[in-house]
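The structure under discussion appears below in the form of structure tokens.
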Amino acid sequence: MNQHVTPRLNRRSFVIGTAALGGGLAVGLDIPFGGPQVVRAADGSPEVNAWVVIRPDDTVVIRIARSEMGQGSLTGLAQLVAEELACDWSKVTTEYPTPGQNVARKRVWGDFSTGGSRGIRSSQDYVRKGGAAARMMLIQAAADEWKVPAAECTAANSVITHKASGKTTTYGKVAEAAAKLSPPADVKLKDPKDWTLIGKGVKRLDTADKVTGAMVYGADIKLPNMLNAAIKDCPVTGGKLKSFDEAKIAGMKGVKKVVTVDGTAVAVVADTWWHAKTALDALPIVWDEGPNAKVSSESIGKWLAEGLESGPAFVGNENGDAKAALAGAVKKVEAVYNYPYQNHATMEPMNATALYTADRCEVWCGTQNGEAAFAAVLEASGLPADKCEVHKLILGGGFGRRGQTDYVRQAVKIAKEMPGTPIKLLWSREEDMTHGRYHPITQCKLTGGFDADNNLTALHMRISGQSILFSLRPDALVNGKDPATFQGLAPSGEATIGYSVPNLLIEHAMRNPHINPGFWRGVNVNQNAIYLECFMDELANAIGQDPLEFRRKLMSKNPKHLAVLNAVAEKIGWGTPAPEGVYRGLAQLHGYGSYVAGAAEISVIDGTKIKVHRIVASTDPGYVVNPAQVERQIAGSFVYGLSALFYGGCTVKDGRIEQTNFDSYNSMRIAEMPKVESIMIPSGGFWGGVGEPTIGVAAPAVLNAFFAATGKRIRSVPLRDQNITFA
Amino acid sequence: MANLTINGKVFNLDVEPDTPLLWAIRENAGLTGTKYGCGIAQCGACTVHLDGAAVRSCGVTVSEAQGKQITTIEGLASDNGLHKVQQAWLENDVPQCGYCQSGMIMAVAALLKDNPKPSDQDINDAITNICRCGTFAQVREAIHIAANA
Ligand code: FES
Ligand code: FES
């Protein structure tokens, strides 16, 4: 077994480093945008500041730095700016600044990275300030024109009014003058109680083109003289391309060129993608499968199981002396759980289009991290930043996968072989399924101990398995430890354990198989919530207590965790009789700064067929920017999470991933999914994420209900592998 | 060469007869609203109408589609505006990433033609498209909105 994967170059910090040389992490108000030199948008309209362009017809263009992949933060971010800007929402449109512009302007738009449910919470402060500063400048411009004090003027709905004189004007009329002003030194944000647009479930701004087929995703890009590429990378990570027999596809229709990429992959370039793929499938390829060719799910599982029992481990959370307390416990409960590799399976397979010439390289793609994609273009093209550009497109799903840039790099490498010709690289679904950046694999052994009065005196969780940061962000390891492994289990921070146990030990025996891990919607809360929340049920059951009452006793020091749990319990009717044959389960967690809980009602037919009747979910994300979108994110996270529970397992054989398409890696359909009854209880004072946290409670709530229904405890995902499926 | 009638217009395309209709539509006719998701008739992203019936165009060849009326998402609206399913989708703000939604809308439009007032069970039986973003609750509501429009 190849135990250690070489850490990769961290491309993101490379770009940040480059930009930082030019003046630090200047964002939002910190740099003197505006001023006498008016910056203009492509159509000539003045930029009031980096976030706001106003056209003469009063159209407000709000710049959005984060990527839209379905999660709705494009609309939410626009709401945040527009709230402070006091503009007419019906005249708002949005645009993405490019990563190249961001570097050229000293990162005026801050971080482009869109992951970790950070789209809104990490930029809410400076985008609101951007909106507020623009409003102040627009008012000042009007006041200057009228020769009245700005303090006597007010703005609402894109109209500026001077009450005393009865004068009014619109943003479009004063934008040019406002753009010449210096930005205000002091910007005060509205009190949340005065918000009128934030907190409103306004419709998304990007829907119209999605119902007519007009929305252009990366896979849909068309450029003059463009050719299409299909690619096969070595099926075993760590292996190489040995040879291929190009003569066998010579003369096949449309084929223009066969290209090797980085010594590990081969691509066929043709007039159409279908021709490229057909020829690639006909191309005899010999792989050097390298040192991992014998690795299997069994060998990985065995290696991880050893880590549960012995060897070094990083400590993520500790108080008291759990081992001693367990040794002295009157009653002990022990269980081993495991969680598999999972593919993101974004609906749109990976793709990127690149145009390379000797002195310029441009890429069009969906990416969750425009700056990382930009860095990948620099690196793959060998060109400097001022000669590269990335044009971000709307993503056909991201879920963490499109934070990686492997497909961008490949497209540039292929385009480099054909200078002057745009090349669209599209992965087949099979390539996408077998070359993912998989949800990492782990196992967990949990041991709980009770005293004679059935008090839980000790809890020991030992996780064994893969670290994402080890592979993708080695700079973020802390003395070798991956702190993210303890997501939802940490003593403090944005993902804390909700229970107080007098003797607690949570540790991680890091073991990194060769399969590439990645950030996968929910990341480490998916397995950690199953481990902890199912085991809490096991502990309650061992002493004959109600799972809710058992939890409540351990949560008195964590009122926010408890509040969301109580909310779902009440709504699902916990403690009252369920309908005949229907059983309930619940779970809670803290992740991405938000407190969430879920409860499920299911019935089980023949012990193997699950019908999910009801799901209730609650969240306290601090603030809710758009309740309609939050509701959709909660529901979507349950679909993603339950798809993962039922079907989501990628197995390894001969060093490669076995599942190749949706026939072997299935996904939920409409018939299987009830409406999620969501409860939003924003308590204010902090900003938590929305897209991911609730995914963590989906699986444990259903698994706990399954135990209630059958008395059988499932400790292994996916259910597919235990012949359990949807009714 | 093949003649395909797409959205009422005849396209004379340089395409082999065994090419999946999906790719003829996307690459040869240039209509990219119809999406590729799996290529093996599992996901429904490529759903179009063939003589009014919903089919997964990745599983139909060009030769099988010749002589038939092909309707894609681009041809669903009429001179009178958007199709009622598209309207309902807008009204209920259904799409998240949107990539599956062309296929979803085409599948639903075909369902409503055969069954103007489908029950939830009818919807479960007829609509089997994958949506990785998980828009199913909004899809179901929007189907009922369209059915009552
Ligand atoms: S692409 Fe045709 S069903 Fe998936
Ligand atoms: S809306 Fe993204 S896959 Fe359905």
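Proteins come first, then strands; the chains are lettered A, B, ... in the order of their sequence lines, and each starts at number 1.
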(request) Before accepting this row, confirm whether a basic side-chain N of the pair A/Lys277/A/Glu430 lies closer than 4.0 Å to the acidic partner's carboxylate O. (result) no
(request) Output, in order, the C-alpha distance, side-chain angles, deciding distance and verdict of side-chain hydrogen bond (donor to acceptor under 3.5 Å, both in side chains) for A/Ser637 and A/Arg521. (result) CA-CA 8 Å; A/Ser637 78; A/Arg521 190 177 193 174; 5.0 Å; no
(message) With chain A as the partner, which of B/Thr72, B/Val15, B/Asp93, B/Thr34 has the greatest number of non-hydrogen pairs under 4.5 Å?
(response) B/Asp93
(message) Between B/Gln86 and chain A, with a heavy-atom cut-off of 4.5 Å, which part of the residue counts as in contact: side chain, backbone, both or neither?
(response) both
(request) Look at B/Asp14 together with A/Lys253 and state whether they make a salt bridge at an N to O cut-off of under 4.0 Å. (result) yes
(message) I'd like to know if the side chain of A/Trp520 reaches the main chain of A/Phe399, judged simply by a donor and an acceptor atom lying under 3.5 Å from each other, with no hydrogens or angles considered.
(response) no
(message) Taking every non-hydrogen pair under 4.5 Å, which of A/Met69, A/Lys675, A/Glu672, A/Arg632 racks up the most with chain B?
(response) A/Arg632
(message) Quick check on the interface: out of B/Cys38, B/Gly98, B/Gly33, B/Ala24, who has the most heavy-atom pairs with chain A under 4.5 Å?
(response) B/Cys38
(request) Under 4.5 Å heavy-atom distance to chain A, tell me which part of B/Gln87 shows up: side chain, backbone, both or neither. (result) neither
(message) Quick check on B/Thr19 against chain A: is it the side chain, the backbone, both or neither that has a heavy atom closer than 4.5 Å?
(response) both
(message) Applying the side-chain contact (heavy atoms from CB on, under 4.5 Å) criterion to A/Met347, which one of B/Lys35, B/Gln101, B/Arg132, B/Gln96 satisfies it?
(response) B/Arg132
(request) May I ask you to name which of A/Gln629, A/His275, A/Met673 has the most heavy-atom pairs under 4.5 Å with chain B? (result) A/His275
(request) For each of A/Lys222, A/Met215, A/Glu68, tally heavy-atom pairs with chain B at distances under 4.5 Å, and name the one with the top tally. (result) A/Lys222
(request) Return the option, out of B/Glu141, B/Arg140, B/Gln121, B/His83, with the maximum number of heavy-atom pairs under 4.5 Å with chain A. (result) B/Arg140
(request) Quick one: which of B/Ser102, B/Cys43, B/Ala137, B/Pro20 has the most heavy-atom pairs under 4.5 Å with chain A, could you say? (result) B/Pro20
(request) Against chain A, label B/Asn129 side chain, backbone, both or neither, depending on which of its atoms sit under 4.5 Å from a heavy atom there. (result) backbone
(request) State plainly whether the residues A/Lys232 and A/Asp281 are in salt-bridge range, i.e. N to O under 4.0 Å. (result) yes
(message) Counting heavy-atom pairs closer than 4.5 Å to chain B, which one of A/Thr207, A/Val211, A/Val639 comes out on top?
(response) A/Val211
(message) Taking NZ in A/Lys203 as the centre, count heavy atoms belonging to other residues, nucleotides or ligands within less than 6.0 Å. Is the count above 12?
(response) yes
(message) Tell me whether A/Thr75 contacts the main-chain N or O of A/Leu205 through its side chain, where contact means a donor paired with an acceptor under 3.5 Å.
(response) yes
(message) Testing B/Val55, B/Leu31, B/Leu76, B/Leu22 one by one against B/Val48 for a side-chain contact (heavy atoms from CB on, under 4.5 Å), which residue passes?
(response) B/Val55
(message) At a 4.5 Å cut-off on heavy atoms, which part of B/Gln138 comes close to chain A: side chain, backbone, both, or neither?
(response) side chain
(request) Look only at the side chain of A/Arg720 and the backbone of A/Ser664, and say whether a donor-acceptor pair between them is shorter than 3.5 Å. (result) yes
(message) Does any backbone or side-chain atom of A/Ser643 lie under 4.5 Å from a heavy atom of chain B? Answer side chain, backbone, both or neither.
(response) side chain
(message) Heavy-atom pairs under 4.5 Å with chain B: which of A/Ser428, A/Gly72, A/Ala628 has the most?
(response) A/Ser428
(request) Below 4.5 Å from any heavy atom of chain B, which atoms of A/Leu426 appear? Answer side chain, backbone, both or neither. (result) side chain
(request) Without swapping roles, check the side chain of B/Asn92 against the backbone of B/Ala88 for a donor-acceptor pair under 3.5 Å. (result) no
(message) Please classify the contact of A/Asn228 with chain B as side chain, backbone, both or neither, using a heavy-atom distance under 4.5 Å.
(response) side chain
(request) Could you check which of B/Ala77, B/Gly44, B/Gly30 has the highest count of heavy-atom pairs closer than 4.5 Å to chain A? (result) B/Gly30
(request) Identify which part of A/Ala219 has an atom lying under 4.5 Å from any heavy atom of chain B, answering side chain, backbone, both or neither. (result) both
(request) Under 4.5 Å heavy-atom distance to chain A, tell me which part of B/Ile130 shows up: side chain, backbone, both or neither. (result) both
(request) Under 4.5 Å, counting heavy-atom pairs only, tell me which of A/Gly366, A/Ala635, A/Ala345 racks up the most with chain B. (result) A/Ala345
(request) For the pair A/Arg614 (side chain) and A/Pro674 (backbone), establish whether a donor and an acceptor sit closer than 3.5 Å, ignoring hydrogens and angles. (result) no
(request) Pick one of side chain, backbone, both or neither for A/Ile670, based on which atoms fall under 4.5 Å of a heavy atom in chain B. (result) both
(message) So, taking the atom named OG1 in A/Thr660 and the one named CZ in A/Arg429, what distance separates them when rounded to the nearest 0.5 Å?
(response) 11.0 Å
